[in-house]
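See structure below.
Per chain, numbering begins at 1; letters A, B, ... match sequence-line order. Predicted, not measured: the structure shown is a model, and the values here were computed from it. Keep in mind that the numbers below use all heavy atoms, side chains included, and drop hydrogens, waters and symmetry copies.
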Protein chains: 2
Amino acid sequence: MPVTVLIVDDEPLVRAGLRAVLDAQPDIEVVGEAADGAAVIPLVRRLRPDVVAMDVRMPLLDGIEATRAVLRTVAEPPKILVVTTFENDEYVYEALRAGADGFLLKRARPAEIVHAVRLVAEGESLLFPASVRQLAARYGDDGQGNRAARAALERARLTEREAEVLRLMARGLSNAEIASRLVVGTETVKSHVSAVLAKLGARDRTQAVIAAFESGFVAPG
Amino acid sequence: MPVTVLIVDDEPLVRAGLRAVLDAQPDIEVVGEAADGAAVIPLVRRLRPDVVAMDVRMPLLDGIEATRAVLRTVAEPPKILVVTTFENDEYVYEALRAGADGFLLKRARPAEIVHAVRLVAEGESLLFPASVRQLAARYGDDGQGNRAARAALERARLTEREAEVLRLMARGLSNAEIASRLVVGTETVKSHVSAVLAKLGARDRTQAVIAAFESGFVAPG
DNA sequence: GATCGTCTCCCCCGCCCGGGGGAGGCTCGT
DNA sequence: ACGAGCCTCCCCCGGGCGGGGGAGACGATC
């Protein structure tokens, strides 16, 4: 009995690529495709796939929400393998927190992709980049995305608060606006901003925001 | 005699997707793949493909430089179809200026992708998004990317100089550094920056840079 | 020739930003 | 109990940034 896979990605090209790679395996069968997160639930109900290969960034309903929705509404949910372009994509960690079972870089080699699908299908949680897996191990990962996600964030060397400030910076907010949003003083925000600039090696907030985009920490779209 | 295609993209998944889509056509044959621009020249020499489907953003040598290199060094160059993720990717227009014959969005449907390959193979220049094509027509496009590219830039409402300044802003340069780079006074740069902010509806340079990333005007990677 | 748009440069001015340094309270783990 | 790390807030201060307004030079267009 082969591993059945549902592919969810807004780019037809990526879908075709995944299908080509996976269908070439005798023990893996692609049973369906969806172009956005909103279409996932009914397809999961009908096709009952073992694994869902889910893009994080999608129109209508992104991979995080789609993951939550599937886990919340489906009785025997499939394993969810989050597919992403960026290594440090913050969305991925959110998806893992939401209950995804592993993630996979789009630039991975076909053999790695196949391996990842087999692993999650067997119930193994996997976090692809070696560095993240090491961190997960060091922090005593229990097999759930939750702890690994936190560890991965730690890898960015930013504290949670600093990461939050950077996220708001990357949305164009001023220090005063960030302070208001976080319900703290502007001086506090300034401290965090300074810490972020120092840690990222940025000279000003603009450079920090650029780094955030380039590292995939925040989404361009 | 089928149309032969060389696929150049750093993501194996995209390569597999293109291959799957194109090889499914009886009149199209994928004759090779490359993962970066540097490998293109020898492959083109050896395989002599009719069309090169080339990603813009790649390691080592990007699509623009690779396009230039191919057209400069190969005697009977293939048609070059630039593949991109973002609709307004400035790189695409540069690639067209460099001599590419058309461009294609990754989120295009398989049928559109196939159609694009056939078109450029027949010697037709194509610019995928309808808006750009309309603009190209309005400005009396002669079939070459050059004019269309200029028209598309015009669409952004920024003058060339302003676009140049925004590009440097998005690389983290200060006004003084931009002035030095462009060999003008800092007051001049301030004028351009102010114009950019006004046209983009941005409050400060950070917001302008965010807009540049989100619109695909500049590359995240 | 007149007009328009662009690029260039100048002035004044207010302010947010970022650097440096310091400090109190909190929760950890040892 | 102690230190480490984090979050919070405070001070002073300089400088880059952005707004407003103005202006000369050039080319294209009409």
Out of [options], whichever nucleotide has its closest atom nearest the side chain of [X]:
| X | options | answer |
| --- | --- | --- |
| A/His192 | C/dG19, C/dT8, D/dT8 | D/dT8 |
| B/Arg205 | D/dC9, D/dG18, C/dC9 | D/dG18 |
| B/Leu197 | D/dG18, C/dG18, C/dC7 | D/dG18 |
| B/Ser194 | D/dG19, D/dC10, C/dC7 | D/dG19 |

Quick one: pull up [atom1] in [X] and [atom2] in [Y] and give me the separation to the nearest 0.5 Å.
| X | Y | atom1 | atom2 | answer |
| --- | --- | --- | --- | --- |
| B/Arg171 | B/Ile178 | CZ | CD1 | 10.5 Å |
| A/Met54 | A/Thr67 | CE | OG1 | 3.5 Å |
| B/Ile113 | A/Leu13 | CD1 | CG | 4.5 Å |
| B/Arg167 | B/Arg181 | CZ | CZ | 11.0 Å |

Nearest-Å distance for atom pair [atom1]/[atom2], residues [X] and [N]:
| X | N | atom1 | atom2 | answer |
| --- | --- | --- | --- | --- |
| A/Ile178 | D/dT8 | CD1 | C1' | 16 Å |
| B/Glu162 | C/dT6 | CD | C1' | 9 Å |
| A/Arg161 | D/dC9 | CZ | C1' | 13 Å |
| A/Glu164 | D/dT8 | CD | C1' | 14 Å |
| B/Lys199 | C/dG5 | NZ | C1' | 9 Å |
| B/Gln207 | D/dC17 | CD | C1' | 14 Å |
| A/Lys190 | C/dG22 | NZ | C1' | 14 Å |
| B/Arg203 | D/dG19 | CZ | C1' | 14 Å |

### Query
Relative to the 5' end of DNA chain C, which residue comes earlier, B/Asp204 or B/Glu187, by the nucleotide with the nearest heavy atom?
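It is B/Glu187 whose nearest nucleotide is closer to the 5' end.
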### Query
How is B/Ser174 classified with respect to the nucleic acid when contacts are heavy atoms under 4.0 Å: base, sugar-phosphate, or nothing?
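Sugar-phosphate contact only - B/Ser174 comes under 4.0 Å of backbone atoms but never of a base.
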### Task
Tell whether B/Thr159 reaches the base of C/dC7 with its side chain through a donor-acceptor pair below 3.5 angstrom.
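No such pair is found, so the answer is no.
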### Message
Side-chain N or O of A/Asn175 versus OP1/OP2 of C/dC17: is the shortest distance under 4.0 Å?
### Response
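Checking C/dC17 against A/Asn175, a side-chain N or O does come within under 4.0 Å of OP1 or OP2.
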### Message
OP1 or OP2 of D/dT8 versus the side-chain N and O atoms of A/Ser191: is any pair under 4.0 Å?
### Response
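A/Ser191 to D/dT8 OP1/OP2: no side-chain N or O under 4.0 Å.
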### Query
Sub-3.5 Å donor-acceptor pair from the side chain of A/Arg118 to the main-chain atoms of A/Val3, do we have one?
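No; judged by distance alone, with no hydrogens or angles, the pair does not exist.
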